[in-house]
Amino acid sequence: MKKHIPNAITCLNLLSGCVGVTFAYSNNLIYAAIFIFIAAGFDFIDGMSARVLKVHSPLGKELDSLADMISFGFLPASIVYQLFLQAPQLGEMSVYLNYSAFFIAMFSALRLAKFNIDPRQGDHFIGLPTPAVAILIASLPFITAGGGSFWMAFIQNPFFLFIFSIGSGILLVMEVPLISFKFRNFELRENLFRYILILSAVILILIFKFAAVPILIFLYIVLSIIQFTFIR
C-alpha cells in the first residue's frame, strides 16, 4: 500500500496543474498562480515521501515528470500567454509574439526529458529546474496585482514578455550546474550556499514580498556559478 502513496501525491500535483490551467484561461491569474504553489508543495512532498518510505520506482519517476509538465510547463506558459493578451497588442506582430509564451512549455518538456536520462543530476541540477521557472512566473500576477509603475512597465510590455519567454526556455536547458536543495547533511561547510540562499529568501520576501522572487532566481544562478566555478 505504501508504494502508492508518493504516486497519489504526484497525481495531486497533476490535478493542481489542471485546475490552475482552467483558472488561467478564465483570466484569473492569481488563482492560476496559487495552484502553481500548491503543485510545488505536492511535488516536494511526493519526493520526500518516496525517500522516507523507500519506494522509488521507474513509474513514479515518469509520473512525476508528466505531472510537472502540466503544473510547471503548460500552466506557467498559459499564464504568460494571458499576460501577453493583457499587454498592448502590436497588430499582426502580436499574433506571433503572444504564442512565444509556449516556448516555456516546449523547453520544460525538453528539460524534464533530459533530467530523466541525465546521470549527472544527482547532488546538483543542470539547468534551472522547472518548478523554479514556474514559481518565477507565478510571482508575476501577484506583482501585477500589487501595482507599481516600475514592474508594470515590464510585465505589460509585449517585447519584454517575448524576451522573458525565450530567456526562461534557455535557462531551463542551459548546460550550467546549479545548486540542489537535497541536503545530505547539515554541516555549514558543505551547505554554505544553500544556507545563504535560504536566509536571503526569508529576508527578501519579508521586504519585497512577491517581487523578491525574480531577485532570488538571479541570486540562485549567480551563487551556483560561484560555487561550481570557483569553489570546486
Side-chain angles (χ1 to χ4, degrees), residues 10 13 17 36-37 39-48 50-51 56 61 64-77 79-80 103-140 163-205 208 210-232:
T10 301
N13 169 6
I36 286 180
F37 289 112
F42 285 129
D43 186 53
F44 174 78
I45 294 170
D46 71 1
M48 183 176 64
R51 288 190 293 272
H56 293 280
K61 186 176 182 180
D64 187 68
S65 290
L66 291 170
D68 286 357
M69 180 57 218
I70 299 299
S71 299
F72 308 133
F74 184 58
L75 174 53
I79 290 175
V80 174
F103 275 97
I104 296 167
M106 183 176 69
F107 281 103
S108 293
L110 183 59
R111 168 77 175 84
L112 291 163
K114 286 178 63 179
F115 180 80
N116 281 353
I117 61 173
D118 192 344
R120 298 173 297 169
Q121 302 195 56
D123 60 346
H124 65 274
F125 297 115
I126 303 294
L128 198 61
T130 51
V133 172
I135 289 172
L136 170 61
I137 292 169
S139 71
L140 299 182
I163 294 170
F164 177 82
S165 300
I166 302 301
S168 296
I170 293 171
L171 289 174
L172 285 163
V173 298
M174 64 181 181
E175 286 288 315
V176 175
L178 298 173
I179 297 168
S180 166
F181 285 89
K182 296 177 181 178
F183 287 83
R184 289 183 295 181
N185 58 61
F186 296 99
E187 294 182 8
L188 179 62
R189 183 175 180 181
E190 291 190 24
N191 299 292
L192 177 61
F193 287 92
R194 292 185 177 95
Y195 289 138
I196 291 174
L197 281 167
I198 292 170
L199 180 61
S200 299
V202 172
I203 294 172
L204 289 171
I205 289 171
F208 298 109
F210 285 100
V213 177
I215 302 171
L216 285 170
I217 295 297
F218 176 75
L219 182 63
Y220 172 55
I221 294 171
V222 169
L223 288 178
S224 295
I225 292 173
I226 292 172
Q227 174 171 331
F228 291 105
T229 303
F230 300 106
I231 305 301
R232 288 191 173 184

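If you're wondering where the values come from, they're calculated on a predicted model, not measured in any experiment.
- In terms of heavy-atom proximity, Ala212 sits nearest to Leu204 at CB-O, 3.4 Å.
- Between the CZ atom of Phe228 and the CG atom of Leu178 there is a distance of 7.5 Å, given to the nearest 0.5 Å.
- Note: Asn13 CG to Asp64 CG = 7.0 Å, rounded to the nearest 0.5 Å.
- Taking CZ of Arg111 as the start and CE of Met69 as the end, the distance is 13.0 Å to the nearest 0.5 Å.
- Scored by the ring pair (Phe, Tyr, Trp, His ring centres under 6.0 Å) test, Phe115 finds no partners at all (sequence neighbours excluded).
- Looking at Ile221 and Val176, their side chains never come closer than 4.5 Å, going by heavy atoms from C-beta outward.
- With Phe107 as the partner, the side-chain contact (heavy atoms from CB on, under 4.5 Å) test is satisfied by one option alone out of Leu172, Thr130, Ile166: Leu172.
- Between the side chain of Ser224 and the backbone N or O of Ile179 there is at least one donor-acceptor pair closer than 3.5 Å.
- Side chain of Arg194 to main chain of Ser180: a donor-acceptor pair is present (N/O by atom type, distance under 3.5 Å, no hydrogens or angles).
- At a cut-off of 3.5 Å, with distance as the only test, a side-chain donor of Asn116 or Ser65 sits close to an acceptor on the other residue.
- Contact between Thr10 and Asp46 at its shortest, heavy atoms only, is OG1-OD2, 2.7 Å.
- Between Asp43 and Ser71 there is no side-chain heavy-atom pair separated by less than 4.5 Å.
- Shown here for Ser165 and Ile104, the closest heavy-atom pair between the two residues is O-CG1, 3.9 Å.
- Between Ile215 and Phe208, the shortest heavy-atom contact is CD1-CD1, 4.2 Å.
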I would like to know whether Leu128 and Tyr220 meet side-chain contact (heavy atoms from CB on, under 4.5 Å); could you show each step before the answer? CA-CA 10 Å; Leu128 198 61; Tyr220 172 55; 3.5 Å; yes
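- Closest heavy-atom contact between Ile126 and Pro177: CD1-CA, 4.0 Å.
- Between Leu197 and Leu216, every side-chain heavy-atom pair lies at or beyond the 4.5 Å cut-off.
- In this structure, Ala134 and Phe72 approach most closely via the heavy-atom pair CB-CD2, 3.6 Å.
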